[in-house]
Amino acid sequence: MPADLSGKWILETNDKFEEYLKALDVDFATRKIAISLSQTKVVKQDGDKFEFKTLSTFRNYELSFTVGVEFDEHTKGLDNRNIKVGQTYEILVTWEGDKLVCTQKGEKANRAWKHWIEGGKLYLELTCEDVVCIQVFKRKE
Ligand code: 1AG
């Protein structure tokens with residue numbers, strides 16, 4: 001286990017989030033709500049098994065997977081797209097050093113996310129097309 005992301009985290013900064021939502025074709029009204037939200041990330045990690053819960057007063061999003069095992073993702077309540085993770089065998093959720101990296105193959109080009117810990121904080125880099133959003137979470141409780 002290269003890094004331990006587990007815990008309860010609260011969003012502190014959210015750079016270029018609206019641009020990221022635009023790249024995902026999220027409509028104006030939903031974007032305005034989404035950028036005003038506080039987000040809580042609850043991560044459970046058991047070896048290479050992960051459970052992510054992204055919680056807000058507007059929508060919640062849950063994703064579970066095992067590192068190195070392919071899966072289909074449906075971004076229900078977000079941009080509602082189907083994504084394949086790992087179906088070409090070289091694309092999976094993997095550890096790149098201490099970064100947990102996911103490439104989301106689907107309708108949108110260059111879609112991916114990366115999680116890592118830096119200075120006691122949880123980072124999430126969300127990429128779509130040429131937009132990179134950086135979210136920083138601090139520990140809750
Ligand atoms: C993700 O993180 C993204 C999790 O997979 C959610 C964070 C940002 C929202 C992404 C797309 C937004 C599309 C529509 C906006 C509508 C509602 C926003 C609600 C935000 C809270 C759920 C990777 C990893 C595990 O942490 O999922």
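By convention here, the first residue in the shown sequence is residue 1. Side chains are part of it too, since the values below use all heavy atoms of this structure and drop only hydrogens, waters and symmetry mates. First listed ligand is number 1; within each ligand, the first listed atom is number 1. What you see is a predicted model; the values in this text were computed from it and never measured.
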May I ask you to decide if the ring planes of W113 and H115 are parallel, tilted or perpendicular, using 30° and 60° as cut-offs?
perpendicular
So if I apply the side-chain contact (heavy atoms from CB on, under 4.5 Å) rule between F137 and each of T13, L11, I10, which one comes out positive?
L11
Which pairs count as salt bridge (Lys or Arg N to Asp or Glu O under 4.0 Å) when at least one residue sits in residues 124-133, sequence neighbours excluded?
K108-E129
Kindly write out the residues that satisfy side chain to side chain contact (heavy atoms under 4.5 Å, CB included) with N60, not counting sequence neighbours, or none if the list is empty.
L55
Residues 43-53 side chain polar contacts: donor-acceptor under 3.5 Å, at least two apart:
| from | atom 1 | to | atom 2 | distance (Å) |
| --- | --- | --- | --- | --- |
| Q45 | OE1 | L5 | N | 2.7 |
| Q45 | NE2 | A3 | O | 2.8 |
| D48 | OD1 | W95 | NE1 | 3.2 |

Should N82 and E73 count as side-chain neighbours, where that means a heavy-atom distance under 4.5 Å?
no
One pair per line, please: each N/O atom of ligand 1 matched with every protein N/O atom under 3.5 Å away, atom names first, then the distance to 0.1 Å.
| from | atom 1 | to | atom 2 | distance (Å) |
| --- | --- | --- | --- | --- |
| ligand 1 | 26 (O) | K41 | NZ | 2.7 |
| ligand 1 | 26 (O) | H115 | NE2 | 2.8 |

